[in-house]
Amino acid sequence: MPKIDEKTRKKIQELREKINYHNYLYYVLDSPEVSDAEYDRLFDELVELEKKYPELVTPDSPTQRVGAPPLIEFKTVKHSLPMLSLNKATTEEELSDFHRRVLELSGLPESKIEYTAEPKFDGLAVELVYEDGVFTQGSTRGDGYVGEDVTLNLKTVRTIPMKLLTKKASLPKLLEVRGEVIMTKSELEKLNKEREKNGEPLFANPRNAAAGSVRQLNSKITASRHLTSFVYGTGQVQGRKFSTQFETIQYLKDLGFHLSQDMKLCKSLNEVKDYYQKILAKRDSLDYELDGIVIKVNDFKLQGKLGELSRSPRWAVAWKFPPQQETTKIKDIMVNVGRTGALTPVAILESVRVGGVEISRATLHNEDEINKKDIRIGDTVLVQRAGDVIPEVVMVIKNKRTGKERKFVFPDKCPVCGSKVERPPDEAVHRCTGIACPAQLKERISHFASKGGMDMEGLGYKFIEQMVDLGIVKDPADLYYLTEKNLLDKMERMGPKLAQNLINAINKSKNADLPHLIFALGIRNVGEHMASVLAREFESLDNLAKQSVEDLTSVYEIGPVVGESIYNFFHDEKNQKVLEKLKKAGVKFPEMSEFGSMGKVKTTVTPLTDKTFVLTGGLDSFTRDEAKRTIEEMGGRVSSSVSKKTDFVIVGKDPGSKLSDAQKLGVKTIDETGFKKMIGR
Ligand code: IVH
């Protein structure tokens, strides 16, 4: 074993102090002074030294935060002072009752009573024991008298100091600190996503997740959960006296503990009430869950006078926020059709109050979500609502099942218009394919009339809404059957001049070119670029409508998803009727030959016309986007992968695998100079 000299000992000590300090700056104060890389270097150096001199490893070394070998079971820990619970108030009256009792029992005038007001963190209560400034034991609250020894697990929580800071405060011999270990909302979201992927049951809320993570026999699992903590008070203390809660809080801050910035000293009950409103308003924007505020008599002497009941003190109360989760039953599942045609399953609930609001519906998002959570009609479920967010079903309470629950079958026809419902293979949502579906009508008509579509100048969303609500426009073709008289008689804020302008714009749009007409139809996955491709390839709308999925997908740039949605669109009876109506109204269904003359697409033939290019590696004179745009402007196409249909692969600096793909397939390659020549630069 290598001999340990004084210098090494000192070095190790120094590294630990530095790491602890940077850890405090990063996790507690959220204001690091060194880069992550610098921190890692210090950490690695310490790990190396400790590997070399294992006898110098101490339990409070920052290297001990990463988790230890699994335990067989937890030891029990008797709390030297019981960890009491809190009486609850759910209304302002109940808070006033608490205040009145404090006044009566203390015999003091109102002006002499001070309270601290603190957030009530929703996690797992723990006790942390420090002997001469070193973290020696951490335990759960358990039944308040006896908890479990979770020291190794709590060492993985970065906001819990392994060693106390002594720069600003002197150390007591023994210090028991109490607080709450929590999981942030964002961390829970990440964890649940991961668990979903692995087919593991999800945690219903951050509290369960924190409790489940702290009570792990394998501290490496706890370490992977990235828990955090807030402390709010002390248990037994030897070698230091405090006279108020507020002084205690300040002291704990100085020792390096993580405390809420929102702890406040209140001089009156009104200040407490203001504080409650302020924290309630902030609640949803915080990344951690709060379930209320805690109000404590500030003066410890007075606390002693007020005393304790068997399980809770008379000097404190928890004023709870309205709960954001409740259990209720799913009476039925319906499907809602949004403006873009997306079908959203909605649970119809036995109504229940959540977050202070009565709710009777909750979104189920989509079919996959229903299957994943195994949600059935008749199930008892946990529902959640936060702020303005739409209520959702968190999980099914499976042990409440009676066997009478029914599985939900997703409809294959739109519940509003009866058109076919499709679910694109790589999407989670189902969509209605009906062009005249009333649920989607306003959005579809607005798309139809938009600049990229038929370009009906002056016909804004407000007018379209009115027309649909009045029932004078039931599909996009109806626009062409409107008259000035119609508009003047029925619409609000419509004058003769405006009506005339609108009708003129509508009539003018009958001459739109083919790409605009195709885009206006609002076929799913067909944007402006795809509309141009379709116009160029199929030359007329009638011809496009005749194509099979295979015909469509044989065209470069049209994949199976686009192919399918084009096919479905033209094979929907309702859509066919609307197309007929458009034709009858005098909308020109232009041929591609007319298209060039409209000046939308360059008819000039260039060396790039109809050629397909793939780009690989970096170019000196163009960004990727510039090169792509140049190719397209000159009539070429750009694809992201090499196939037999590729005409040229443009090879820049540090090319990727596309170069070897080209060589394998015998596709022509050109360098930047060759490309520049081709485009005449
Ligand atoms: S003081 C006797 N302060 O609430 C006073 N508790 O019912 C004991 N809690 O699980 C607790 N935030 O961990 C106090 N700011 C806060 C708190 C808080 C959360 C939890 C506590 C325990 C429960 C007490």
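All ligand and atom numbering here is 1-based and tracks the order in the structure. Atoms considered below: every heavy atom in the structure, side chains included; atoms not considered: hydrogens, waters and symmetry mates.
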### Task
Taking the six-membered ring for Trp and the single ring otherwise, decide whether the centroids of Tyr130 and Phe257 are under 6.0 Å apart.
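Yes, ring centres under 6.0 Å apart.
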### Task
Could you tell me whether Arg215 sits above the aromatic face of Phe74, with NZ or CZ closer than 6.0 angstrom to the six-membered ring centre and within 45 degrees of the axis?
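Pair Arg215/Phe74 does not count as cation-pi.
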### Query
Just wondering, do Tyr232 and Ile249 contact through their side chains at under 4.5 Å, heavy atoms?
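No; the side chains remain at least 4.5 Å from each other.
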### Query
Which of parallel (below 30°), tilted (30 to 60°) and perpendicular (above 60°) describes Tyr288 and Phe230?
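Ring orientation, 0 to 90° scale: tilted.
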### Ring geometry between Tyr251 and Phe242 (parallel below 30°, tilted from 30 to 60°, perpendicular above 60°)
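Judged by the thresholds at 30° and 60°, the geometry between Phe242 and Tyr251 is tilted.
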### Task
Run the numbers on Asp379 and Lys329 for salt bridge (charged side-chain N to carboxylate O under 4.0 Å, His left out), then give the verdict.
CA-CA 6 Å; Asp379 264 338; Lys329 247 183 152 165; over 6 Å; no
Inventory of protein N or O atoms under 3.5 Å from ligand 1 N or O:
| residue | atom | partner | partner atom | Å |
| --- | --- | --- | --- | --- |
| ligand 1 | 3 (N) | Lys296 | NZ | 3.1 |
| ligand 1 | 4 (O) | Lys120 | NZ | 3.2 |
| ligand 1 | 7 (O) | Leu86 | N | 3.1 |
| ligand 1 | 12 (N) | Phe121 | N | 3.1 |
| ligand 1 | 13 (O) | Glu180 | OE1 | 2.2 |
| ligand 1 | 13 (O) | Tyr232 | OH | 2.6 |
| ligand 1 | 15 (N) | Glu118 | OE1 | 2.8 |
| ligand 1 | 15 (N) | Pro119 | O | 3.1 |

